[in-house]
Amino acid sequence: VSSEVRRSFGFPENVVFGVGVMMAKRLAGRPDSELASLKRCSSGASALDVLVQLFVLGVAVKENVVGEALGVDTLLAFRNLGMLESCPPFEAGGTSLIALVALFPLDVPLPGETGNSKALWIATDWAPPVSVSLQEEPVMYLGPDSIALLRHLPDPAGGDPEGPWLDLCCGSGVQGIAAVVTGRAARVDLVDINPRALRFAVFNSHLNRVRSRCAFFHGDLYGALPSSASKPRAYDCILANPPFVPVPPDLNVKLRRYDLFSADPSGAGDGILKRIIAEAPAYLKPPSIPENPTTSIRVENLHEATIAKIVKEDIAISTSRQTAVIMRGISGSGKSTVAAKIAKAAQLAGRPVFVCSADAFFIDPATGEYNFDASLLEKAHDKCFGDFKQALRCSRSGAQPVVLVDNTNTKRWEYKRYEQEASRAGANVRLVEISLSGSPDESKALLAACASRNLHGVPAETVARMKQRWQPDSRAALVPMALAADVEGAAAQSEPGGIIAVVTEVPNPEGYAESVLAPILGSEWVRKGKASFSGSVRCSLVHDSRPSSAEDYASRRAESELEREHWRNHLSSSGISSMSNVLLFLRRSGSGTGPAIKTFKARRTWSANDPESHAAVCEASRYAIQPSRDFS
């Protein structure tokens with residue numbers, strides 16, 4: 001059905017996101033005069049046309065046209081459910097009907113990278129500025145935050161196929177229901193403090209034919225869940241889209257807008273998020289740890305004889321000529337360790353040494369933190385090449401430099417320009433390749449080891465793709481990566497525990513992981529988890545590469561100069577200098593002794609149509625959730 005809606009309104013066939021979301025926001029509630037260009041449904045219109053105009057676009061349709069297209073019984077059912085109401089006619093003759101709720105057609109990606117999706121419909125209240133009854137809090141419409149989490153619902157491979165999921169601050173129930181409809185969750189518990197939201201969620205579970213697999217609880221976060229005499233239910237995954245707007249508390253009592261229920265009651269913007277994370281250990285499935293774990297795979301990749309040969313032939317003797325050492329090796333193979341060995345040997349030989357790496361571009365010089373941004377990858381490699389050219393011309397005390405290029409270089413074209421530049425400079429060039437050759441079982445174990453030990457969170461499937469696209473170069477000196485222990489260690493790895501996936505906004509995102517998340521994960525989780533959990537936590541946070549300044553944020557949220565002044569004062573007194581859209585992923589593991597937290601940046605974190613931003617969020621998700629990795 002949603003494919004037909006996309007075609008009807010000119011949306012691309014291959015885009016997976018909510019069709020009606022932004023269109024409904026733009027059109028709903030506007031005077032009919034502004035919709036004059038829209039061809040209204042008339043007698044003979046199809047049921048789909050009528051449903052779209054009523055519930056997706058919020059357009060008034062004549063009652064006789066609705067009855068003719070949908071049938072009298074369906075029309076009466078909509079009226080009895082409070083979904084349709086009479087309104088002033090938009091033209092002479094007959095009563096018109098307007099939808100009191102919105103229906104959003106959605107395509108939600110299925111687990112895995114198959115490109116397939118599942119269609120579902122979700123009912124919510126209309127987005128502002130449509131008036132809603134103030135007798136109850138409205139139910140949040142599906143905005144870009146909801147769509148962003150839907151596009152990145154966890155795929156917990158290796159989890160219990162019958163394990164329960166939990167949807168906190170569920171609103172319309174869209175996240176939890178989507179998890180069930182797409183086969184990620186066998187059943188889901190949905191929690192919200194707003195009774196109107198729970199009624200919508202129940203309705204949506206019926207609408208999508210999964211009511212029997214959903215349970216609904218009214219209350220405040222985990223406190224709404226039924227108590228147990230032994231221990232709380234352990235969830236495979238906790239989803240949340242909590243209220244996150246840092247509304248000035250004094251405005252909350254004066255204004256009755258969507259900000260009232262989308263606001264963080266603490267006024268900080270992340271008060272509910274911090275509660276969700278801090279209280280999660282008691283409700284998140286612990287990892288399964290083998291009773292008698294054996295030592296995991298150890299890798300010996302420093303073949304000293306090969307390295308010594310390189311040093312003897314190219315470094316120790318040729319001191320009067322520049323030497324360019326171009327490293328090749330997939331992530332986690334030990335390439336950087338070998339490069340460090342060569343660099344140390346060159347220094348002992350009295351040669352000035354320079355190491356050029358694209359990864360260095362993403363390391364914060366102040367904190368040493370690695371923050372990968374896929375949109376800047378081309379700039380990173382250009383910077384690396386520029387450093388290489390400059391280093392070739394740096395001699396010291398008559399000794400010519402040794403310049404190492406420490407990149408993966410899986411294809412020959414990736415390092416061709418380095419060879420050409422080195423030749424122009426009259427430098428000696430040496431290719432050094434970390435080899436993963438061996439029997440099929442050995443190669444498989446080596447790839448698993450690469451995935452588990454690389455420092456930048458490159459997932460196992462990406463490591464495997466690197467191996468598949470590897471282009472041999474017979475000129476390279478091979479440094480074999482060999483197993484020094486039996487492969488049985490891999491089978492004894494513990495199964496990781498439950499997952500948390502949250503879409504929200506956070507204040508001051510640049511240092512949020514270190515200043516806010518790390519203390520929670522390093523103290524609350526350890527303290528609360530001692531009795532039942534052991535091991536560590538792997539967490540990733542992705543935020544906009546250009547967060548909104550406090551001034552811009554205040555201007556966007558306020559509707560008058562007086563409100564804007566309230567916002568400015570509140571943000572300033574709260575120490576909030578910027579705000580950013582965020583997606584956060586977390587998984588409990590069975591190995592390690594502390595949290596591993598990594599920050600990622602995306603051009604537009606919640607974007608539904610920016611491939612680079614989508615790739616950055618996928619990378620962040622895999623860093624935290626990928627089950628086949630070593631989480632230590």
J.: Look at atom CZ of Arg79 and say whether more than 12 heavy atoms of other residues, nucleotides or ligands are closer to it than 6.0 Å.
T.: yes
J.: With a 3.5 Å distance limit and no angle check, can you tell me whether Asn204 reaches the backbone of Phe200 through a side-chain donor-acceptor pair?
T.: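 Pair found, side chain donor or acceptor close to backbone of Phe200.
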J.: Would you check if Asp192 and Phe217 make a side-chain contact, meaning some heavy-atom pair closer than 4.5 Å?
T.: no
J.: Can any side-chain N or O of Asp544 pair as donor or acceptor with the backbone N or O of Thr605 at less than 3.5 Å?
T.: yes
J.: Is a side-chain donor or acceptor of Arg588 paired with a backbone partner of Gly497 at a separation under 3.5 angstrom?
T.: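 Not confirmed, Arg588 side chain does not pair with Gly497 backbone.
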J.: Do Tyr141 and Phe104 come within less than 4.5 Å of each other through their side chains, counting heavy atoms only?
T.: yes
J.: Side chains of Arg187 and Ser212: donor-acceptor distance under 3.5 Å anywhere?
T.: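 Side-chain D/A pair, Arg187 to Ser212: absent.
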J.: Is any side-chain heavy atom of Tyr553 less than 4.5 Å from a side-chain heavy atom of Pro547?
T.: no
J.: Is the gap between the ring centers of Tyr222 and Tyr283 under 6.0 Å?
T.: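 Yes, they do, as the ring centres are separated by less than 6.0 Å.
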J.: Between Ser607 and Asp610, is any side-chain donor less than 3.5 angstrom from a side-chain acceptor?
T.: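 Looking only at side-chain atoms, Asp610 and Ser607 do not form any donor-acceptor pair under 3.5 Å.
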J.: Within the distance-only criterion (no hydrogens, no angle test), does the side chain of Arg557 pair as donor or acceptor with the backbone N or O of Val247 below 3.5 angstrom?
T.: no
J.: Please tell me if the side chains of Val188 and Leu166 come closer than 4.5 Å, counting only heavy atoms from C-beta onward.
T.: no
J.: Look only at the side chain of Ser540 and the backbone of Ala620, and say whether a donor-acceptor pair between them is shorter than 3.5 Å.
T.: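 Answer holds: yes.
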